[in-house]
Undergrad: 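I have a structure here, written as structure tokens, and I will follow up with some questions on it.
Note that the structure is predicted; figures quoted are calculated from it, not measured. In what follows, chains are A, B, ... by sequence order, proteins preceding strands, each numbered from 1.
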2 protein chains.
Amino acid sequence: MDGERTWSIAELADEFGVTLRTIRFYEEQGLLTPARNGTRRIFADGDRVRLGLVLRGKRLGFPLDEIKTIIGMYDAEPGEVGQLRYLLDQVEHRRAELEQRRRDIDATLSDLAELERRCRADLDRLTG
Amino acid sequence: MDGERTWSIAELADEFGVTLRTIRFYEEQGLLTPARNGTRRIFADGDRVRLGLVLRGKRLGFPLDEIKTIIGMYDAEPGEVGQLRYLLDQVEHRRAELEQRRRDIDATLSDLAELERRCRADLDRLTG
DNA sequence: CTTGACGTTTACGTTAACGTAAGTTGAAGG
DNA sequence: CCTTCAACTTACGTTAACGTAAACGTCAAG
């Protein structure tokens with residue numbers, strides 16, 4: 001009666017375009033913690049979100065253990081002041097890293113744009 | 001008499017913060033092709049630029065063989081029309097990939113920003 | 001009742017990107 | 001001449017992120 005859908009491992013794998021092995025591996029690494037029905041894994045909505053975050057991290061080129069700590073930051077309990085300061089520090093660190101990446105991307109995009117101009121010029125000259 | 005400086009492997013490694021092994025490995029993989037003085041590697045300015053491109057690609061999380069093809073695109077000779085069209089196609093493909101990455105970065109940055117807000121709020125509450 | 005479809009665990013294999021010796025060489029300095 | 005330094009090659013070791021095979025459980029359909 002609660003609208004909480006669940007998913008099988010195959011459904012999730014299919015939806016996100018990964019293999020069953022990958023999902024099991026992520027659980028083994030502590031990136032996912034699906035419920036169980038006997039031995040079968042049951043994935044709830046939160047598990048789907050986490051898998052999405054993991055794959056986004058992968059597209060960004062982060063290793064799995066870093067992804068784990070980053071995701072871990074999201075659902076850390078408030079805790080004490082020292083913990084909070086440490087967490088803020090981590091957040092700042094990650095942000096700097098990501099902004100460096102964006103600069104790298106922009107530089108590469110600009111290189112590609114110039115390459116494209118040269119290509120089009122050559123094409124014009126040849127097919128003129 | 002020509003202002004063309006050259007560098008030893010150690011100088012380049014030091015400048016870019018990588019090991020000698022890494023540079024030799026990149027040559028072995030065809031990412032760099034330094035000149036030689038006997039057995040010693042002599043790096044010219046173009047080699048420096050290429051190393052910079054390789055490391056930028058690494059920061060973006062690309063595997064070395066993809067980096068190789070991407071860099072290869074930059075210094076491809078004009079060639080024939082078919083080649084040019086193929087190259088343009090590749091450029092488009094890479095651009096799409098990079099733009100996806102930028103979206104991922106922006107999404108992550110936004111997540112981090114919200115996390116930071118929550119942290120600061122908790123800190124304010126605790127430290128008054 | 002057996003055949004599939006779908007799931008499970010255990011465990012060894014694989015690739016990428018280097019790390020890390022081990023042994024060699026050429027030029028320079030004392 | 002001997003050593004030291006900076007480079008070299010060859011080759012095996014290592015870690016991450018799964019792939020892949022083997023062997024088994026379970027439940028619905030024919």
Side-chain angles (χ1 to χ4, degrees), chain A residues 5-44 47-48 50-72 94 97 101 104 108, chain B residues 5-44 47-48 50-72 94 97 101 104 108:
Chain A
R5 234 208 97 170
T6 62
W7 291 264
S8 75
I9 188 173
E11 287 170 331
L12 265 201
D14 198 57
E15 173 177 355
F16 285 94
V18 298
T19 67
L20 307 188
R21 177 67 174 101
T22 297
I23 294 185
R24 295 193 186 112
F25 181 72
Y26 289 168
E27 179 184 13
E28 192 179 325
Q29 301 300 309
L31 290 163
L32 301 175
T33 51
R36 298 273 178 154
N37 177 11
T39 73
R40 309 272 167 115
R41 294 170 176 82
I42 307 287
F43 296 84
D47 299 312
R48 281 184 72 232
R50 285 180 75 92
L51 179 53
L53 290 177
V54 172
L55 297 179
R56 195 174 74 186
K58 282 220 63 185
R59 287 196 301 272
L60 291 176
F62 285 106
L64 288 185
D65 59 348
E66 286 204 34
I67 295 177
K68 183 175 176 182
T69 74
I70 295 179
I71 295 184
R94 298 296 168 186
E97 205 170 343
R101 269 163 200 255
D104 286 331
T108 307
Chain B
R5 234 207 97 172
T6 63
W7 291 263
S8 75
I9 188 173
E11 287 171 330
L12 266 200
D14 198 57
E15 174 177 354
F16 285 94
V18 299
T19 67
L20 307 188
R21 178 69 174 98
T22 298
I23 294 186
R24 295 192 187 113
F25 181 72
Y26 289 168
E27 180 184 10
E28 193 180 324
Q29 301 300 309
L31 290 164
L32 301 174
T33 51
R36 296 274 178 153
N37 177 12
T39 74
R40 309 274 167 111
R41 294 170 176 83
I42 308 287
F43 295 85
D47 299 313
R48 283 184 70 232
R50 285 180 74 93
L51 179 53
L53 290 176
V54 171
L55 297 178
R56 194 175 75 186
K58 283 219 62 185
R59 287 197 301 272
L60 291 176
F62 285 105
L64 288 186
D65 58 347
E66 288 205 33
I67 295 178
K68 183 176 177 182
T69 73
I70 295 179
I71 295 185
R94 297 300 167 183
E97 204 170 343
R101 271 163 198 255
D104 286 331
T108 306

Undergrad: Are any of A:R21's side-chain N or O atoms less than 4.0 Å away from OP1 or OP2 of C:dT8?
TA: no

Undergrad: Identify which nucleotide among C:dA17, D:dG19, C:dT8 has an atom closest to any side-chain atom of A:T22, counting heavy atoms from C-beta outward.
TA: D:dG19

Undergrad: If only side-chain N and O atoms of B:R24 are considered, is one of them under 4.0 Å from the OP1 or OP2 phosphate oxygen of C:dA17?
TA: no

Undergrad: Can you check whether B:T39 has a side-chain N or O nearer than 4.0 Å to OP1 or OP2 of C:dG26?
TA: no

Undergrad: Using modelled atom types only, decide if a donor and an acceptor are shared between the side chain of B:E66 and the backbone of B:P63 within a distance under 3.5 Å.
TA: no

Undergrad: Is the shortest side-chain N/O distance from A:T19 to OP1 or OP2 of D:dG19 below 4.0 Å?
TA: yes

Undergrad: Taking the side chain as everything from C-beta on, heavy atoms only, tell me whether A:Y26 gets closer than 4.5 Å to A:L64.
TA: yes

Undergrad: Could you check how far CD1 of B:I23 sits from C1' of C:dG19, rounded to whole Å?
TA: 15 Å

Undergrad: Taking 4.0 angstrom as the limit, do B:E27 and B:R24 come out as a salt bridge?
TA: no

Undergrad: Does a nitrogen or oxygen in the side chain of A:S8 sit under 4.0 Å from OP1 or OP2 of C:dC6?
TA: no

Undergrad: Measure distances between side-chain N and O atoms of A:R40 and base N and O atoms of C:dG7, and say whether any donor-acceptor pair falls under 3.5 Å.
TA: no

Undergrad: Between C:dT8, C:dA17, D:dC18, which one does the side chain of B:L64 approach most closely?
TA: C:dA17

Undergrad: Both A:K58 and B:A10 contact DNA chain D. Taking the nearest nucleotide for each, which residue is further toward the 5' end?
TA: B:A10

Undergrad: Once you round it to whole Å, what is the distance between P of D:dA7 and CG of B:N37?
TA: 13 Å

Undergrad: Looking only at side-chain N and O atoms, does B:Y26 come under 4.0 Å of OP1 or OP2 in C:dA17?
TA: no

